[in-house]
Amino acid sequence: QVQLVESGGRLVQAGDSLRLSCAASGRTFSVYAMGWFRQAPGKEREFVAATSRSGGGKIYAPSVLGRFTISRDNADNTVFLQMNSLKPEDTAVYYCAAASQGYIPNKRGDYDYWGQGTQVTVSS
């Protein structure tokens, strides 16, 4: 089992950058693929980005490709989401998730553990 705690969310202006962090504790971090999802008010939770166990493989949702970058530090048990050129439509609660799959999942149901979320608000 792994526990996940997100941090870094706050109110920013459109065009700003923000980096989210997710600290993991418990079982060995490097056995999990890691992902970021987000959920805006009244909407379903959606996939944002994910990285493989080693960090060498990464996938992104089309809406964030070229603006967001996912990375991980297995020595520090942390995964990051660097968000650049933020837009008001990026406003959401951002969740970190861990998957024991051998591939890089992009579906909510493929993830085994979730953090509590961190709020990102982008003003226009």
Side-chain angles (χ1 to χ4, degrees):
Q1 188 158 345
V2 63
Q3 293 77 44
L4 305 171
V5 179
E6 303 95 334
S7 62
R10 61 183 178 91
L11 172 64
V12 297
Q13 293 189 332
D16 284 353
S17 296
L18 195 61
R19 188 173 86 154
L20 304 182
S21 299
C22 173
S25 61
R27 195 180 169 194
T28 305
F29 178 65
S30 60
V31 306
Y32 296 100
M34 297 298 298
W36 286 96
F37 287 72
R38 66 186 181 186
Q39 188 166 17
K43 294 189 176 182
E44 299 260 332
R45 191 172 300 188
E46 65 175 4
F47 171 77
V48 174
T51 182
S52 63
R53 294 167 174 174
S54 68
K58 301 174 185 182
I59 57 174
Y60 296 93
S63 59
V64 307
L65 186 63
R67 299 189 299 123
F68 290 12
T69 302
I70 187 170
S71 61
R72 67 188 295 165
D73 183 343
N74 283 349
D76 203 29
N77 292 354
T78 307
V79 62
F80 304 98
L81 185 67
Q82 177 66 43
M83 304 186 293
N84 298 331
S85 302
L86 282 161
K87 305 174 182 180
E89 50 264 43
D90 294 319
T91 294
V93 177
Y94 283 71
Y95 296 90
C96 168
S100 57
Q101 316 296 337
Y103 54 93
I104 310 174
N106 64 354
K107 292 181 175 55
R108 181 178 176 178
D110 290 335
Y111 283 82
D112 304 297
Y113 303 103
W114 293 84
Q116 83 291 345
T118 186
Q119 176 71 48
V120 173
T121 304
V122 184
S123 64
S124 56

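Residue numbers start at 1 and run along the sequence shown.
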* Under a 4.5 Å side-chain heavy-atom rule over Ile, Leu, Val, Met, Phe, Trp and Tyr, are Val2 and Val5 clustered together? -> no
* Structure fact -> Closest heavy-atom pair, Met34 versus Cys22, reported as atoms and distance to 0.1 Å, is CE-SG, 4.5 Å
* OG/Ser25 to CG/Leu4 distance, rounded to the nearest 0.5 angstrom? -> 7.5 Å
* To do: Taking all non-hydrogen atoms of both residues into account, name the closest pair between Arg72 and Ser30 and its distance.
  => NH2-CA, 4.0 Å
* ILVMFWY cluster, Tyr111 and Ile70 together (side-chain gap under 4.5 Å) -> no
* **Rounded distance (nearest 0.5 Å) linking atom CH2 of Trp36 with atom SG of Cys96** => 5.0 Å
* If you take all heavy atoms of Asp73 and Phe80, which pair is closest and at what distance? -> CB-CE1, 4.2 Å
* To do: Measure up the Phe37 and Phe47 rings against each other and bin them: parallel (under 30°), tilted (30 to 60°), perpendicular (over 60°).
  => perpendicular
* Does Trp114 belong to the same Ile/Leu/Val/Met/Phe/Trp/Tyr cluster as Val120, with side-chain heavy atoms less than 4.5 Å apart forming each link? -> no
* Asked: So, do Tyr94 and Glu6 sit near enough that their side-chain heavy atoms are less than 4.5 Å apart?
  -> no
* Asked: Do Val93 and Val79 belong together in a cluster built from hydrophobic side chains that touch within less than 4.5 Å?
  -> no
* Spacing of CZ belonging to Phe68 relative to OG belonging to Ser63, to within rounding of 0.5 Å -> 7.5 Å
* Please confirm whether the backbone N or O of Thr69 pairs with a side-chain atom of Lys58, one donor and one acceptor, at under 3.5 Å? => no
* Structure fact -> Rounded to the nearest 0.5 Å, the CD1 atom of Ile104 sits from the CD1 atom of Ile59 at a distance of 5.5 Å
* Residue pairs, two or more places apart or on separate chains, that pass salt bridge (Lys or Arg N to Asp or Glu O under 4.0 Å) and touch residues 38-49 -> Arg38-Glu46, Arg38-Asp90
* To do: Can you see which heavy atom on Pro105 is nearest to which on Ala33, and at what distance?
  => CD-CB, 3.9 Å
* **Spacing of Ser124 atom OG and Lys87 atom NZ [to the nearest 0.5 Å]** => 14.0 Å
* To do: For residues Gln116 and Tyr95, report the shortest heavy-atom separation together with the two atoms involved.
  => O-CE2, 3.5 Å
* To do: For Ser123 and Pro88, indicate whether the former's side chain and the latter's backbone hold a donor-acceptor pair under 3.5 Å.
  => no
* Are the side chain of Thr91 and the backbone N or O of Val122 linked by a donor-acceptor pair below 3.5 Å? -> yes
* **With Ser17, the side chain to side chain contact (heavy atoms under 4.5 Å, CB included) member among Arg67, Gln82, Met83** => Gln82
* Asked: What are the two closest non-hydrogen atoms of Gly9 and Leu20, and how far apart are they?
  -> N-CD2, 3.6 Å
* salt bridge (Lys or Arg N to Asp or Glu O under 4.0 Å) contacts touching residues 103-120 (sequence neighbours left out) -> none
* Asked: When rounded to the nearest 0.5 angstrom, what distance separates CG in Leu65 from OH in Tyr60?
  -> 8.0 Å
* To do: Please answer whether the main-chain N or O of Arg53 pairs with a side-chain N or O of Asn74 as donor and acceptor at a distance below 3.5 Å.
  => yes
